[in-house]
Colleague: 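One structure, pasted below without further comment.
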2 protein chains.
Amino acid sequence: MANKEPDLWFSFVRSHRVLIREIERRLAAAGLPAYAWYDALWGVESGEDGTRRMHELADAIVIERYNLTRLVDRLEQEGLVTRARSPEDGRAAYVTITDAGRALRKRMWKIYETTVAELFLPQFDAKAQRSVSQALDRAALAARRSSQDAQ
Amino acid sequence: MANKEPDLWFSFVRSHRVLIREIERRLAAAGLPAYAWYDALWGVESGEDGTRRMHELADAIVIERYNLTRLVDRLEQEGLVTRARSPEDGRAAYVTITDAGRALRKRMWKIYETTVAELFLPQFDAKAQRSVSQALDRAALAARRSSQDAQ
DNA sequence: GCGATACAATTGCGATTGCAACTCAAGGCA
DNA sequence: TGCCTTGAGTTGCAATCGCAATTGTATCGC
């Protein structure tokens with residue numbers, strides 16, 4: 001996949017794809033929606049009163065705004081979230097999770113968590129889990145900074 | 001993003017998204033094609049005589065076959081690869097990289113490698129790079145096994 | 001107060017992806 | 001040989017994504 005040293009990087013992208021693919025496969029096999037829905041539902045549910053502003057949510061789950069708009073459209077159509085505009089700031093849009101949304105997220109979480117706990121986490125001991133996750137967070141931060149610097 | 005312990009997993013997916021996004025941004029800023037093309041070009045180029053069979057390539061770069069068909073369509077249209085069928089096995093299709101394909105891959109690689117070397121790799125020391133990449137490979141293997149077992 | 005600028009969210013449209021079905025060739029095996 | 005199953009690759013169509021506007025609102029400087 002590369003012609004030099006960064007094996008770690010290629011292990012990173014390859015394992016990511018394979019694992020996501022397997023999670024998607026198990027979710028689909030259980031008749032549940034795609035992985036992206038979980039992220040969005042959790043992003044909403046974890047906000048104050050199960051509510052979040054759109055751009056805050058987009059940032060949290062690392063998804064482009066225009067895609068979030070339409071993802072939330074779909075969630076709303078399924079009755080998993082509701083939308084509201086803010087009286088204070090006319091630009092702001094808020095998303096709130098519904099009971100159905102919470103229930104679905106929980107069902108997805110069972111499969112999602114099992115898969116991660118079975119295939120991914122056991123490959124790291126407790127100490128490594130901490131240090132690797134910190135290293136990845138630093139990388140994410142560096143990347144965010146870099147893209148902001150470039151405007 | 002989750003409601004329990006697997007912080008490592010969420011750091012993993014978050015950092016992956018942010019990093020890929022930044023790589024895409026830099027490639028686009030340099031007027032180069034998307035990240036996916038790099039993968040495909042490298043997958044072809046790294047084969048014997050710069051040639052690979054379709055399904056072998058799909059497997060190597062972790063992409064679905066039907067998507068590979070169309071990705072190769074686009075690469076072929078741009079003159080970056082050529083296609084050929086096998087005389088021995090009438091089912092097999094071979095892809096071969098062209099000089100233009102090699103040149104483009106090299107140009108992309110400069111940006112790609114710089115980004116990874118700048119934002120990602122420095123977060124891990126040499127020992128960690130080895131052990132983490134092994135852990136990720138084990139996870140990928142486990143996931144592949146799991147999906148095969150399920151047929 | 002008013003125009004220029006910045007922000008938040010959305011939308012039109014073309015490109016890409018995912019699923020399921022399909023074509024054609026190989027490999028059993030009765 | 002003839003039939004059935006499997007394998008490799010592709011395609012039709014619907015869903016989703018990405019880019020470049022667009023709309024509407026807030027804020028800043030004068």
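Within every chain, numbering begins at 1; the chains are lettered A, B, ... in the order of the sequence lines, protein sequences first and strands thereafter.
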Colleague: Would you please confirm or rule out a distance under 4.0 Å between OP1 or OP2 of D/dG9 and any side-chain N or O of B/H55?
Modeller: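 Answer is yes, contact under 4.0 Å.
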
Colleague: Please report the distance, rounded to the nearest Å, between CG in B/L75 and C1' in C/dA15.
Modeller: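 To the nearest whole Å, that distance equals 14 Å.
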
Colleague: Any side-chain N or O of B/N67 under 4.0 Å from OP1/OP2 of C/dT16?
Modeller: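 So the side chain of B/N67 is outside the cut-off, no N or O lying under 4.0 Å from OP1 or OP2 of C/dT16.
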
Colleague: B/Y35 and ring-ring contact (aromatic ring centres under 6.0 Å, His included): which single residue from B/W42, B/Y112, B/W109 fits?
Modeller: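 The option that passes is B/Y112.
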
Colleague: Which residue lies toward the 5' end of DNA chain C, B/A36 or A/M54, if each is placed at its nearest nucleotide?
Modeller: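 The answer here is A/M54.
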
Colleague: Measure across B/Y94 and B/T51 and return the closest heavy-atom pair with its distance rounded to 0.1 Å.
Modeller: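 That closest heavy-atom pairing would be CD2-CG2, 3.8 Å.
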
Colleague: Using atom CG of B/D73 as one end and atom P of D/dG12 as the other, report the distance to the nearest whole Å.
Modeller: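 In whole Å, D/dG12 P lies 11 Å from B/D73 CG.
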
Colleague: Find the distance B/E24:CD to D/dC19:P and express it as a whole number of Å.
Modeller: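 Whole-Å distance recorded here is 8 Å.
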
Colleague: More than 12 non-hydrogen atoms from neighbouring residues, nucleotides or ligands closer than 6.0 Å to CZ on B/R145, yes or no?
Modeller: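 Count not over threshold, so no.
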
Colleague: For DNA chain C, what residues of residues 82-97 of chain A have any heavy atom nearer than 4.0 Å?
Modeller: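 Per residue number, the list reads A/R83, A/R85, A/R91, A/A92, A/A93.
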
Colleague: Can you tell me how far C1' of C/dA15 sits from CG of B/L71, to the nearest Å?
Modeller: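 Computing the B/L71:CG to C/dA15:C1' distance gives 12 Å.
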
Colleague: Would you kindly give the CH2-to-P distance between A/W37 and D/dA15, to the nearest whole Å?
Modeller: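 Result: 12 Å.
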
Colleague: For A/L57 and C/dA8, what is the distance between atoms CG and C1' respectively, to the nearest whole Å?
Modeller: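 Those two atoms, CG and C1', are 14 Å apart.
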
Colleague: Figure out the CZ/P separation between B/R52 and D/dA8, and round it to whole Å.
Modeller: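 Taking atom P of D/dA8 as the reference, CZ of B/R52 is at 16 Å.
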
Colleague: Hey, does the side chain of B/R74 come within less than 4.0 Å of C/dT16's phosphate (OP1/OP2), counting only N and O?
Modeller: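 Indeed, a polar side-chain atom of B/R74 lies that close.
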
Colleague: Any donor-acceptor pair under 3.5 Å linking the side-chain atoms of B/R138 with those of A/S15?
Modeller: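 Side chains of A/S15 and B/R138: no pair found under 3.5 Å.
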
Colleague: State whether A/Y66 places a side-chain N or O below 4.0 Å from either non-bridging phosphate oxygen (OP1 or OP2) of D/dC19.
Modeller: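 Yes, within the criterion.
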
Colleague: Indicate, with a heavy-atom threshold strictly under 4.0 Å, whether B/R70 touches base, sugar-phosphate, or nothing.
Modeller: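 Base, at least one base heavy atom under 4.0 Å.
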
Colleague: Could you tell me how far apart B/E64 (CD) and D/dT16 (P) are, to the nearest whole angstrom?
Modeller: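 After rounding, the gap between these two atoms is 16 Å.
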
Colleague: Under 4.0 Å from OP1 or OP2 of C/dC7: is there any side-chain N or O of A/R65 that close?
Modeller: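 Answer is no, no contact under 4.0 Å.
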
Colleague: Side chain to side chain donor-acceptor pair (under 3.5 Å) with A/T114: which residues, sequence neighbours excluded?
Modeller: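 Checked A/T114 against side chain to side chain donor-acceptor pair (under 3.5 Å); zero matches.
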
Colleague: With a cut-off of 6.0 Å (strictly less than), are more than 12 heavy atoms of other residues, nucleotides or ligands near CG of B/D99?
Modeller: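 Open.
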
Colleague: Nearest heavy-atom pair of A/A100 and A/G79: which atoms, and what distance?
Modeller: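 Taking every non-hydrogen atom into account, CB-O, 3.9 Å.
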
